[in-house]
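Beneath this line is the structure, given in C-alpha cells, with notes to follow.
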2 protein chains.
Amino acid sequence: MQKQKMSGYLDPFLELCKKFDLKITPQRCAIYKRLMQAKNHPTADQMFRVVKREFPNISFDTVNRTLMTFAEIGLVDVIPTEGGPRRFDPDLDKHHHFHCIHCGEIVDFTNEEFDNLGIPEHILEDFTVYSKRVVLNGVCPKCRKKKGFKDRNNAKQNKNT
Amino acid sequence: MQKQKMSGYLDPFLELCKKFDLKITPQRCAIYKRLMQAKNHPTADQMFRVVKREFPNISFDTVNRTLMTFAEIGLVDVIPTEGGPRRFDPDLDKHHHFHCIHCGEIVDFTNEEFDNLGIPEHILEDFTVYSKRVVLNGVCPKCRKKKGFKDRNNAKQNKNT
DNA sequence: GTGATTGCAAACCTTTTGCACGCCA
DNA sequence: TGGCGTGCAAAAGGTTTGCAATCAC
C-alpha cells in the first residue's frame, strides 16, 4: 500500500526509467524521492547520509552511481563547482547561480531577463544546447560581513588610510 | 638583461603583486608568463608540466598554490567544472562558456548581448559581483558526430523505428 | 634579519574500477 | 533466466596540510 500511495510523485521517474531502459529498484526510488525534497545542491555524500536513514544498507557507491545515472538521463543537473565535491541540482526549472568565491556557496536566483536570453545562431548550428544559465561570481552577504574580509578591489585599504 | 627585456609584459603582474603584498619570485614570474600564453583553460598539472620545462626544480605544489593565489587576487579565473580537476582561465576578457556534458570540453565564445546583460538590482544590494558569465550546457560538435551518440531528447530512438 | 615562499612528503577526500552476489524484468 | 544493479573493497586522482630550508624584501 505504501507503493500505491507513493506512485503519484514517482510517476515521472518511472516513466523516465522506462524510457531509458533503467530498472526500477528500491534504491533508485529512495534516492529519487529524497532528491526531489533536497534543497541547496546536495553532494553525493549528503544524499547518501539522507537516504541511508531510511535505507541503512545502501552503499555510497550506489547513491553516487545513481546520481550520475540520473544526471545522464536529465533527471538532475550536475552543477559545475570550483574544485570541491560534485553537486547535484534537482531543480530543473529555469534559475541562475551566484557563486561565492569566498565560501563556495552557490545561491539560486531567478531572473526573467536572463531566462529570455536567446542563444546565438552560430552556436545552435554546431552545438546541441540543453540548458542555459547565467553564473555570477563574487562575494555573498555572509562573507561580506565577515571581519577581516579583503575586497579584491580594495587591497591594501588599510595601508592607504 | 633578460629581466629588462621581459619587464614589459610583466608590468601588470608586478603591479598586482605590489598591491597585494606578494613577493616577486622567479617561480611566480615563470608561472605568470606561461599562464598568459596558455590557451584552453589549463589545469594545475598542465601548467606544472609547461613551467617545469624552463624551471625543472619547481614543484607541483608551488604551481598549484601560485595559481590559487593568482585566482585570489583576480589574475585568473577558476572555471567551475563538473568533477574533474580544477581549471584556470587566464582570459579575463568578457567571454562565455559552452560546456559539453559528453566530453567535458569547455568552449569559449563571445556574445555582445550576453555581455550587455545587466545584473538585477536586488542582487547588487546584497552581493558583491566580480564577474558574470553565461554557461551553456549541451553536446559539442565533436561528440554529436560520434557514432552511437545518444541524444538525451531521443532515447530509444532505435526501438521506435 | 624576518617573514613569506618553496619543495617535499604524507594525509585526506572524492571518484572510479573490478568483481561476486542478488534482484528486477 | 539473463543481465542489470548493488555492495564491498581497493585503487586512482587531485587537493590540502605540515614542516624545514630557502629566498625576497
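The model shown is predicted, which means the values in this text are computed figures rather than measured ones. In what follows, every chain begins at residue 1, and chains take the letters A, B, ... in the order their sequences are listed. Computed over heavy atoms, backbone and side chain alike; hydrogens, waters and symmetry mates excluded.
With rounding to whole Å, A:Gln46 atom CD is found 15 Å from C:dC13 atom P. Nucleotide C:dA4 holds its C1' atom 18 Å from the NZ atom of B:Lys18, rounded to whole Å. Distance CE (A:Met47) to P (C:dT15): 14 Å, rounded to an integer number of Å. Distance, B:Asn57 CG to D:dT22 C1': 13 Å, rounded to whole Å. Nucleotide D:dC8 holds its P atom 8 Å from the NZ atom of A:Lys52, rounded to whole Å. For the pair A:Phe88 CZ and C:dT15 P, the interatomic distance rounds to 7 Å; values are reported in whole Å. In this structure, CG of B:Leu67 is placed 14 Å from C1' of D:dG14, rounded to the nearest angstrom. The separation between B:Leu22 atom CG and C:dA4 atom P is 11 Å, rounded to whole Å.
Using a 4.0 Å cut-off between charged side-chain N and carboxylate O, B:Lys33 and B:Glu54 make a salt bridge.
Residue whose closest nucleotide on DNA chain D sits further toward the 5' end, between A:Thr66 and B:Gly84: A:Thr66.
Ring pair A:His95/A:His41 is parallel by interplanar angle, where below 30° counts as parallel and above 60° as perpendicular.
Relative to the side chain of A:Asn64, the nucleotides C:dC8, C:dT16, D:dT15 differ in distance, and C:dT16 lies closest. Considering only side-chain atoms of A:Arg28, the nucleotide from D:dG5, C:dT6, C:dA9 that sits closest is D:dG5. Of all nucleotides listed (C:dT6, D:dG5, D:dT6), D:dT6 comes nearest to the side chain of A:Arg65. Here D:dG7 is the nucleotide among C:dT15, D:dG7, C:dA9 with the atom lying nearest to any side-chain atom of A:Phe55. Checking C:dT15, C:dA4, D:dG2 against every side-chain atom of A:Lys23, the shortest atom distance belongs to D:dG2.
Looking at every heavy atom in both residues, B:Val139 comes nearest to B:Cys100 through CA-SG, 3.9 Å.
Using a 4.0 Å cut-off, some side-chain N or O of B:Gln27 falls inside it from OP1 or OP2 of C:dG7. Contact between the side-chain N/O atoms of A:Thr62 and the OP1/OP2 oxygens of D:dT6 is not found at any separation under 4.0 Å. Close to C:dT6, at under 4.0 Å from its OP1 or OP2, lies a side-chain N or O of B:Thr25. In terms of phosphate contacts, A:Arg86 brings no side-chain nitrogen or oxygen within less than 4.0 Å of OP1 or OP2 of C:dT14.
If you check every strand for non-hydrogen atoms under 4.0 Å, B:Asp45 touches nothing.
B:Pro12 is listed as a side-chain neighbour of B:Tyr32, based on a closest heavy-atom distance under 4.5 Å.
Residue A:Asp21 places no side-chain atom within donor-acceptor reach of the base of C:dA25, judged by atom type and a 3.5 Å distance cut-off alone.
No donor-acceptor pair closer than 3.5 Å links the side chain of B:Glu125 to the backbone N or O of B:His122.
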